[in-house]
Amino acid sequence: LFDRPAVDAEVWDELEELLVSADVGISTTEKLIEKVKKQVVVEKIDQGSHVRAALRAAMVDILIVPIREIMEDLSPPKVILVVGVNGGGKTTSIVKLAHSLKNEGKSVLLVAADTFRAAAIDQLKRLGERAGIEIIAHQSGADPGAVVYDALQAAKSRQVEAVIIDTAGRIHTRSNLMEELEKVKRVAGKADVTAPHEVILVLDATTGQNGLVQARYFTEAIGITGIFLAKLDGTAKGGIVLAICDELKIPIQFIGVGEKLEDMESFNAEAFVAALCD
Amino acid sequence: VLSDKLNQVFHLLGNKGRLTEKDIDEALRQVRLALLEADVNFKVVKDFVTRVRDRALGANVRQSLAPAQQIVKIVNEELVVVLGGEPGRLTAASQPPSVVMLTGLQGSGKTTTAAKLARHLKQTGQRPLLVAADNRRPAAIEQLVTLGKQLDVPVYRESPDMPGRDVCARARVKAKEMAATWVIVDTAGRLHIDEAMMDELVQMKKELKPDEMLLVVDAMTGQDAVRMAGEFHSRVSLTGLILTKMDGDARGGAALSIRWVSGVPIKFIGTGEKADAFEPFYPDRLASRILG
Ligand SMILES: Nc1nc2c(ncn2[C@@H]2O[C@H](COP(=O)(O)OP(=O)(O)OP(=O)(O)O)[C@@H](O)[C@H]2O)c(=O)[nH]1
Ligand SMILES: Nc1nc2c(ncn2[C@@H]2O[C@H](COP(=O)(O)OP(=O)(O)OP(=O)(O)O)[C@@H](O)[C@H]2O)c(=O)[nH]1
Ligand SMILES: [Mg+2]
Ligand SMILES: [Mg+2]
């Protein structure tokens with residue numbers, strides 16, 4: 001692939017297969033191919049390897065989304081709300097994020113606002129214990145808003161620097177569940193009018209075209225400021241993020257590359273694209 | 001919707017009495033797009049559309065008065081033929097207890113599905129025993145114990161220091177002790193490329209000799225479904241698939257891909273988080289969902 005000297009029709013077929021097989025989606029794939037085809041004409045590209053380089057550049061272009069201005073002189077805590085569909089990796093990713101903030105010398109508090117799923121609070125407590133991070137929780141079945149409110153009051157009084165809220169997994173088409181999330185967001189705003197400062201969508205890298213639909217719904221409901229792409233240590237390429245960045249301009253902030261505390265990296269567009277095209 | 005797109009194609013092609021092969025190919029492009037958008041595997045789409053093309057030409061769709069409808073009908077029929085399997089039927093052992101083992105990627109819905117299977121079997125008069133063989137994920141055992149309590153189904157568990165394989169070794173004895181007719185084993189989520197974990201799975205299977213080895217797959221899985229399922233199938237010979245989170249709006253094309261390439265039948269679907277959100281699989285329903 002791409003090592004042939006001429007740029008013929010087969011090159012574009014191979015490109016299409018590569019991108020679609022990586023879950024980029026047919027629509028974003030066609031857009032990328034059109035862009036590179038134009039470049040080939042304009043720049044008189046005649047080497048397969050140069051076509052490959054042009055494609056990678058076009059993909060990086062889509063993925064580099066400016067991170068919105070983070071107001072720096074706000075009083076603590078910085079409040080991060082973490083959301084996503086069931087089983088995507090929210091709880092695990094939250095503890096990874098907390099661990100990394102702790103390593104930067106920040107004080108962190110986690111909020112067990114998934115009061116619904118069996119043993120969800122237990123899971124977060126055990127992960128928190130392992131990582132030496134404090135969890136604020138109520139009993140199972142409690143109102144998630146109440147837990148969030150309590151936690152933010154505690155964080156304010158203790159001058160904790162970061163609060164990360166774990167929420168229950170939810171199918172984005174269930175409006176009552178999306179309303180519950182909007183309520184959690186409002187409660188955070190009641191404790192601190194500028195909160196939440198970040199809303200992170202955790203996306204499973206094995207997700208196909210539905211990932212774009214998920215991002216649309218969550219953005220519509222509460223606004224998403226960044227994406228945590230989990231489970232990239234598998235064989236799925238996570239190409240759906242290209243469609244998400246292209247349409248919604250949401251930055252990918254982190255990737256999850258395993259189940260351990262340290263298995264998290266800051267998103268690097270070039271590295272991601274290189275791995276996808278490999 | 002596919003039929004609308006096809007109608008548009010034939011409308012643009014005009015009423016010239018008899019369509020050419022090229023016209024049919026233009027229509028098939030829309031079929032291909034619909035399947036790719038539904039997460040059907042790239043290579044599977046290619047082979048599937050070829051199959052549809054052969055039938056469309058053979059059925060003389062070119063002379064049809066309603067070519068769009070005919071093509072949709074052919075696509076639907078071919079999808080149902082491929083998807084058809086053994087909906088909702090579990091293979092029982094000749095002597096109880098029968099054993100079902102669940103496996104799959106992290107977060108696909110195994111633990112929740114184990115509880116659903118237990119409830120389903122209880123409803124049909126069986127005596128299920130749940131086995132908590134995931135000693136890796138924090139509170140995985142507690143999760144299954146909680147679900148078992150909610151259903152009044154016994155859960156066999158050990159401390160998390162005991163490896164999954166040893167739990168499996170004792171599971172049959174436990175089942176006999178409790179006169180359980182079905183044993184449902186929940187295992188840790190794992191990657192098909194994790195040698196150690198796939199080895200553990202093979203060992204657990206050797207220990208238990210399950211009557212059913214079911215792969216739990218998230219309905220929103222994309223193109224990687226074929227490789228992933230192929231890997232699991234080659235290591236532990238799957239007897240069936242359970243497609244979860246079908247209450248979402250993912251089209252579920254991954255299921256078609258897995259079925260096409262591995263031949264493993266889809267047995268059940270999960271349609272929610274509660275234990276009763278569980279149905280036998282119906283090929284015609286998934287077919288129309290994939291078509292969008
Ligand atoms: N291999 C791998 N597994 C991961 C990664 N992130 C999470 N997991 C695993 O995925 C499974 C689900 O993770 P959770 O953190 O429970 O996911 P969740 O989104 O909180 O799930 P719900 O709360 O039930 O919606 C667990 O087995 C995790 O260990 C990752 O980056 N790589
Ligand atoms: N909406 C919906 N959620 C589901 C369904 N099946 C499972 N879930 C949810 O998906 C999430 C993951 O389910 P688990 O049963 O923990 O998944 P798992 O495969 O055991 O996860 P690991 O043990 O970490 O690999 C939980 O939030 C479940 O409630 C389903 O059919 N529909
Ligand atoms: Mg969780
Ligand atoms: Mg589990």
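The chains referred to below are lettered A, B, ... by the order of the sequence lines, with proteins before strands, and numbering in each begins at 1.
Using a 4.5 Å cut-off between heavy atoms, B:K46 does not touch chain A at all. Heavy-atom distances place the side chain of A:V213, and not its backbone, under 4.5 Å from chain B. Looking at A:T173, only its side chain comes within 4.5 Å of chain B, counting heavy atoms on both sides. Of the two parts of B:R136, the backbone and the side chain both hold a non-hydrogen atom closer than 4.5 Å to a non-hydrogen atom of chain A. Contact of A:E259 with chain B is made through the side chain alone, with heavy-atom distances under 4.5 Å. Heavy atoms of B:E142 lying under 4.5 Å from chain A belong to its backbone as well as its side chain.
Other residues, nucleotides and ligands contribute only 12 or fewer heavy atoms inside 6.0 Å of the CD atom of A:E129. Within 6.0 Å of atom CD in A:E220, 12 or fewer heavy atoms from other residues, nucleotides or ligands are found, so the atom counts as exposed in its surroundings. Around the CZ atom of B:R235, the shell of radius 6.0 Å holds more than 12 heavy atoms that belong to other residues, nucleotides or ligands.
Most heavy-atom pairs under 4.5 Å with chain A, from the set B:D194, B:D249, B:N41, B:L144: that is B:D249. Top candidate by heavy-atom pairs under 4.5 Å with chain B, chosen from A:T91, A:D233, A:D204, A:I240, is A:D233. Note: A:T235 leads A:T235, A:D23, A:L124 in heavy-atom pairs under 4.5 Å with chain B. The residue among B:E37, B:R137, B:M228, B:Q150 with the most heavy atom pairs within less than 4.5 Å of chain A is B:R137. Interface summary for chain A: among B:D218, B:L36, B:L147, B:V145, the most heavy-atom pairs under 4.5 angstrom belong to B:L36.
Between the CZ atom in A:R117 and the CD atom in B:E273 there is a gap of 8.5 Å [rounded to 0.5 Å]. Taken to the nearest 0.5 Å, the CD1 atom of A:I26 stands 7.0 Å off from the CZ atom of B:F42.
The one candidate from B:R251, B:K245, B:M220 that meets the side chain to side chain contact (heavy atoms under 4.5 Å, CB included) condition with A:N210 is B:M220.
For the pair A:A118 and B:T146, the tightest heavy-atom approach, listed with the atom from each and the gap, is CB-CG2, 3.9 Å. Residue A:A119 comes nearest to B:A139 through the heavy atom pair CB-O, 3.8 Å, listed as atom of the first residue, atom of the second, then distance. Of all heavy-atom pairs between A:L127 and B:P138, the closest is CD2-CG, 3.6 Å.
Residues of residues 104-122 of chain B lying within less than 4.5 angstrom of chain A, judged on heavy atoms, are B:L105, B:Q106, B:G107 in numerical order.
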